[in-house]
Novice: 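One structure coming up, written as structure tokens, with questions to follow.
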Protein chains: 2
Amino acid sequence: MLHLLIHMGRMEGPLTSEAAATMLGTNPVVIRRTMAGLRDAGYVRSVKGHGGGWSLTRGLDGITMLDVHRALGENRIFALGPADPDPVCLVERAVNGSLEDALQEAEALLLRRLADVTLADIAADFDRRFAALSPEDRTARAHAGQLPPG
Amino acid sequence: MLHLLIHMGRMEGPLTSEAAATMLGTNPVVIRRTMAGLRDAGYVRSVKGHGGGWSLTRGLDGITMLDVHRALGENRIFALGPADPDPVCLVERAVNGSLEDALQEAEALLLRRLADVTLADIAADFDRRFAALSPEDRTARAHAGQLPPG
DNA sequence: CCTTCATATAACAGTGATAGTTACATGATG
DNA sequence: CATCATGTAACTATCACTGTTATATGAAGG
């Protein structure tokens, strides 16, 4: 999804769900479902009808990885977690306590890191990767629909 | 599962899968499946027949939360992750790069924290919680099958 | 108007991972 | 040799997620 937003930041005009679905090898309805979260959070806008589609409401430098993560409702960071969040057994409570301490520290660090990186930073990283390609590769990539920087 | 191991560390004799399943409100076969990982990693041993069951091969201070996590084969720490681990698209590669940087940092921190805590530490935490109970509560808990410390 | 394009959303089907269950084999104990 | 307990295969159930179909709504252009 980050992927799509960055592509959108480099395009003129809106991106249709149809086109986005083709890019990601999925279905337009799936795109709409997912983008709905980003629209509700105010990062993108959707327009119906001729010439419609999805577009950003702000620059790539105004959206962090954390923003996107939250807007997509992906609040579960870890695959681990307490089996029972409020157990009666004191042993279980002690287990949860230790586990949660560790998880919260790691989660806090991850969220800080995600908040540090804007989509513009990722786009700049793309530019570096593109510039590192040989001229032939650059041409091939451009023909494959991957726009060159600028 | 940590739960069970700590109970085992405070019991005389082995714990049957049947009893463990009752404790966790699940099925003996599920217990056997899960404990198999811990047995293969050498933290517990299983004995068949009369008086058989599961027992620890070492003290609770010889097992960390990380040990258990690894032995259970729970290698997926995060619910997040790259959609395509090796994409052709350079934008996707740039996204993966930024995401992986953040994830790896957080994962490394979490693993350090998990490795820091032994099951004996958790058991000690249990003791503190138990000691903090009123005498009546302590009696009630003991009758409910939750052994007092010592 | 009315056709076309595009999103909005509900409803349903497919899919994969995990948990639970049943069944049977094996081994240890008394 | 009966009983207790694990080992394991095979099947079912459940749940979340993805994909699909169908219908409604709204915007643009002729």
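Predicted model only: the values in this text are computed from it and were never measured. A, B, ... follow the sequence lines: proteins, then strands. Residue 1 opens every chain.
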Novice: Less than 4.5 Å apart, any side-chain heavy atom of A:I77 and any of A:H69?
Specialist: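 With C-beta onward as the side chain, the pair touches.
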Novice: For the pair made of CZ in B:R45 and P in D:dG7, what is the distance, rounded to whole Å?
Specialist: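 Nearest whole value for this atom pair: 13 Å.
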Novice: Would you mind reading off the distance between A:E18 atom CD and C:dA8 atom C1', rounded to a whole angstrom?
Specialist: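 The answer, rounded to whole Å, is 16 Å.
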Novice: Just how far, in rounded Å, is P of C:dG14 from CG of A:N27?
Specialist: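 Going from A:N27 (CG) to C:dG14 (P), I get 15 Å.
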Novice: Taking OP1 and OP2 of D:dA5, is either one under 4.0 Å from a side-chain nitrogen or oxygen of B:S17?
Specialist: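 It does not, given that no N or O in the side chain of B:S17 lies less than 4.0 Å from OP1 or OP2 of D:dA5.
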Novice: Tell me whether B:T57 contacts the main-chain N or O of B:Y43 through its side chain, where contact means a donor paired with an acceptor under 3.5 Å.
Specialist: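 At least one qualifying donor-acceptor pair exists.
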Novice: Please report the distance, rounded to the nearest Å, between NZ in B:K48 and C1' in C:dT29.
Specialist: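 Roughly 13 Å, once rounded to whole Å.
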Novice: Please report the distance, rounded to the nearest Å, between CG in A:L72 and P in D:dA16.
Specialist: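 Rounded to whole Å, this separation is 19 Å.
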Novice: Quick one: A:R33 CZ to C:dA11 C1', roughly how many Å, whole number?
Specialist: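 Atom-to-atom, A:R33 to C:dA11, this comes out as 11 Å.
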Novice: Would you kindly check whether a donor in the side chain of B:R39 faces an acceptor in the base of D:dG7, or vice versa, at under 3.5 angstrom?
Specialist: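 Side chain to base: no pair below 3.5 Å.
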Novice: Does B:T26 have a side-chain nitrogen or oxygen under 4.0 Å from the phosphate oxygens OP1 or OP2 of C:dG20?
Specialist: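 So the side-chain polar atoms of B:T26 do come within 4.0 Å of the phosphate oxygens OP1 or OP2 of C:dG20, strictly under.
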Novice: Grab the CZ-C1' distance between B:R32 and C:dA19 for me, whole Å please.
Specialist: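 About 15 Å, once rounded to whole Å.
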Novice: Backbone N or O of B:T64 within a donor-acceptor pair of the B:D67 side chain at under 3.5 Å?
Specialist: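 Side chain of B:D67 to backbone of B:T64: a pair is present.
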Novice: Using whole Å, what does the distance between atom C1' of nucleotide D:dG19 and atom CD1 of A:I31 come to?
Specialist: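 After rounding, the gap between these two atoms is 12 Å.
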Novice: Taking the nucleotide of DNA chain C with the closest heavy atom to each, which residue, A:G52 or A:V29, is nearer the 5' end?
Specialist: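 So the residue in question is A:G52.
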Novice: Kindly say if A:T16 contacts the phosphate of C:dA6, meaning a side-chain N or O under 4.0 Å from OP1 or OP2.
Specialist: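 Answer no for this pair, as no side-chain N or O of A:T16 is under 4.0 Å from OP1 or OP2.
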Novice: Under a 4.0 Å N-O cut-off, is there an ion pair linking A:R129 with A:D125?
Specialist: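 Counted as a salt bridge, because a side-chain N and a carboxylate O are separated by less than 4.0 Å.
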